[in-house]
Structure formats: structure tokens, C-alpha cells
Amino acid sequence: MLIADEDETALDGLRDTLERLGHEVMPFAVSVREAAELIAREDPDLTIVMVHQDDEHALSLISEAVEFASGPVIATVRDGDADFLARAAEHGISAYVQGTEPEAVQGAIEVALRRYRETARLAGKVDELEGALQRRIVIERAKGILMERHSADERQAFELLRENARASSRRVVEVAQSVVDGHALLPRQHGGPG
């Protein structure tokens, strides 16, 4: 776990809280450069950015952690500063906590980790669906080519793809991609003798 802030005393207090909660805390970062170096070297599971006086510094630390760290980012805030929270959310925080009380910090960690895992799961699902859509597009294009070249209907065109896939021990989408890729090289079939 990486913790970052411009105030080293505050970082010491948060580190003590996190260690009492059973978390492993890596050396902390005060500057954005230090945060970048620690993220590159340690790749923390979670980053907590403390916010005190310098909102811009905190937002820079948040941006660095969101962009380069593998895990979620939590902001600790003073007195529920709604303006800062909105800006931090735009920079990608997964959760926030007001203060450094152990129960509140642990609760924010749990929320951040769950949100992060759910986001990763949903991103995986989106990738899966996009892949399925791309495969469907290739198959539809290949069917269109086969319908045109063989004067076949849609069902017959799909059967041609499926039969060729079975005969060559390939997936239908692979055969369809071959049809689409090779189509540009094939001469257009004309209606009558040439």
C-alpha cells in the first residue's frame, strides 16, 4: 500500500493506523516524483493520497497513482470538501475517507477494493462482448460475400462457412476472416458469360 501527501507527520500517523489494521505500507511519497518512482518500483495494490493544504499537489498525486498504479486510489479529505471530492473523482479516485480513524479507513479500503474488482470484471466483460461483436461482424461480412459470389441465401452462406470450418478443423470466424481477407483479391462474378 502506498500513502502520499505533502505532510510527512500526517503520513506517519496514517501509516501507524494502516499497520495496526494489518496492512503492509511501503515507504511513503511526499512529491509526485517520489510517488512515480515508488509506483514503478513497488506497484502498490492500493494508494491513499492525503489531502491537507495543497489540493493541486494532492490531485497530481492522485493522477499519477490512477494512471500508473495497478490498484485503486483513495483520498483522505478534510471536512468533506465537496469541490475537492468532485475534482478528485474526475481524476479517478475509487473512494474517499474523512479523517484517519481506523474503522473509516478500513471501510474506505473495502469499498475501493470492491469497486476496483467490479470495474475490472466489467471491463473484462466489455472486452468479451466487443470481441463477440467483432466476430459477428466478420461472419456477417463473409456471408454477404458468399451470398453475392455463389447466389446463395443467408442460411446457405452460413452453411458454406460452417462446412469449410469443419473440413479444415478451424473455427467459423477464422474461415469467415479468410473469406473477407481474400475477397479483395477475387474477381467480381458477372451474371452471364463474358
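No experiment lies behind these values; they were computed from the predicted model shown.
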Engineer: Is Met147 isolated, or which residues cluster with it under the ILVMFWY side-chain rule of less than 4.5 Å, directly or via members?
Structural biologist: none
Engineer: Identify the two heavy atoms, one from Leu146 and one from Ala157, that lie closest to each other, and give their separation to 0.1 Å.
Structural biologist: CD1-O, 3.6 Å
Engineer: Could you check Ile139, Ile145, Asn164 and say which one makes a side chain to side chain contact (heavy atoms under 4.5 Å, CB included) with Val179?
Structural biologist: Ile145
Engineer: Taking atom CD as the centre, does Glu8 end up with more than 12 heavy-atom neighbours from other residues, nucleotides or ligands that are less than 6.0 angstrom away?
Structural biologist: no
Engineer: Under a single-linkage rule joining Ile, Leu, Val, Met, Phe, Trp and Tyr whose side-chain heavy atoms are separated by less than 4.5 Å, which residues share a cluster with Val30?
Structural biologist: Met1, Ile3, Leu11, Leu14, Leu18, Leu21, Val25, Phe28, Leu46, Ile48, Met50, Ile74, Val97, Val105, Ile109, Leu113
Engineer: Show the nearest heavy-atom pair for residues Ala95 and Val111, with the distance to one decimal.
Structural biologist: CB-CG1, 4.2 Å
Engineer: Rounded to the nearest 0.5 Å, what separation is found between the CG atom of Leu161 and the CZ atom of Arg166?
Structural biologist: 12.0 Å
Engineer: Would you say the side chain of Phe84 lies within less than 4.5 Å of the side chain of Val51, judging by non-hydrogen atoms?
Structural biologist: yes
Engineer: Does a salt bridge link Glu140 with Arg136, judged by any charged N lying under 4.0 Å from a carboxylate O?
Structural biologist: yes
Engineer: Can you run down the salt bridge (charged side-chain N to carboxylate O under 4.0 Å, His left out) pairs that involve residues 47-76, sequence neighbours left out, and say none if there aren't any?
Structural biologist: Asp55-Arg78, Glu56-Arg87
Engineer: Roughly how far, to the nearest 0.5 Å, is the CD atom of Glu159 from the CD atom of Glu154?
Structural biologist: 11.5 Å
Engineer: State the CZ-OG distance between Arg117 and Ser94, to the nearest 0.5 angstrom.
Structural biologist: 11.5 Å
Engineer: Are Phe68 and Leu38 linked, directly or through intermediate hydrophobic residues, by side-chain heavy-atom contacts shorter than 4.5 Å (ILVMFWY only)?
Structural biologist: yes
Engineer: I need the single residue from Arg114, Arg115, Arg121 that forms a side chain to side chain donor-acceptor pair (under 3.5 Å) with Glu118. Which is it?
Structural biologist: Arg121
Engineer: Measuring from Glu6:CD to Ser60:OG, what's the distance to the nearest 0.5 Å?
Structural biologist: 11.0 Å
Engineer: Among side-chain atoms of Glu110 and Gln106, is any donor-acceptor pair under 3.5 angstrom?
Structural biologist: yes
Engineer: Report yes if some heavy atom in the side chain of Val175 is under 4.5 Å from a heavy atom in the side chain of Ser168; otherwise report no.
Structural biologist: yes
Engineer: Please list, chain by chain and in numerical order, all residues satisfying salt bridge (charged side-chain N to carboxylate O under 4.0 Å, His left out) with Glu24, sequence neighbours excluded.
Structural biologist: none
Engineer: Would you check if Asp127 and Glu130 make a side-chain contact, meaning some heavy-atom pair closer than 4.5 Å?
Structural biologist: yes
Engineer: More than 12 non-hydrogen atoms from neighbouring residues, nucleotides or ligands closer than 6.0 Å to CD on Glu101, yes or no?
Structural biologist: no
Engineer: How about Val66 and Ile93: do any of their side-chain heavy atoms sit closer than 4.5 Å?
Structural biologist: no
Engineer: With sequence neighbours excluded, tell me which residues meet salt bridge (charged side-chain N to carboxylate O under 4.0 Å, His left out) with Glu90.
Structural biologist: none
Engineer: Determine, stepwise, if the pair Leu85 / Val77 fulfils side chain to side chain contact (heavy atoms under 4.5 Å, CB included).
Structural biologist: CA-CA 8 Å; Leu85 286 174; Val77 296; 3.6 Å; yes
Engineer: Could you tell me whether a side-chain N or O of Ser169 sits under 3.5 Å from a main-chain N or O of Ala165, the two making a donor and an acceptor?
Structural biologist: no
Engineer: If you round to the nearest 0.5 Å, how far is OG1 of Thr47 from CG of Leu61?
Structural biologist: 9.5 Å
Engineer: Going by an N to O cut-off under 4.0 Å, is there a salt bridge joining Lys125 and Glu128?
Structural biologist: yes
Engineer: Testing the basics here: between Asp5 and Ala10, what is the closest heavy-atom pair and its distance to 0.1 Å?
Structural biologist: OD2-CB, 3.8 Å
Engineer: I need the Leu59 CG to Ser63 OG distance, nearest 0.5 Å.
Structural biologist: 6.5 Å
Engineer: Would you say the side-chain atoms of Glu174 pair up with the backbone N or O of Arg171, donor to acceptor, closer than 3.5 Å?
Structural biologist: yes
Engineer: Going by salt bridge (charged side-chain N to carboxylate O under 4.0 Å, His left out), name the pairs with one or both residues in residues 11-22, residues two or more places apart or in two chains.
Structural biologist: Asp12-Arg15
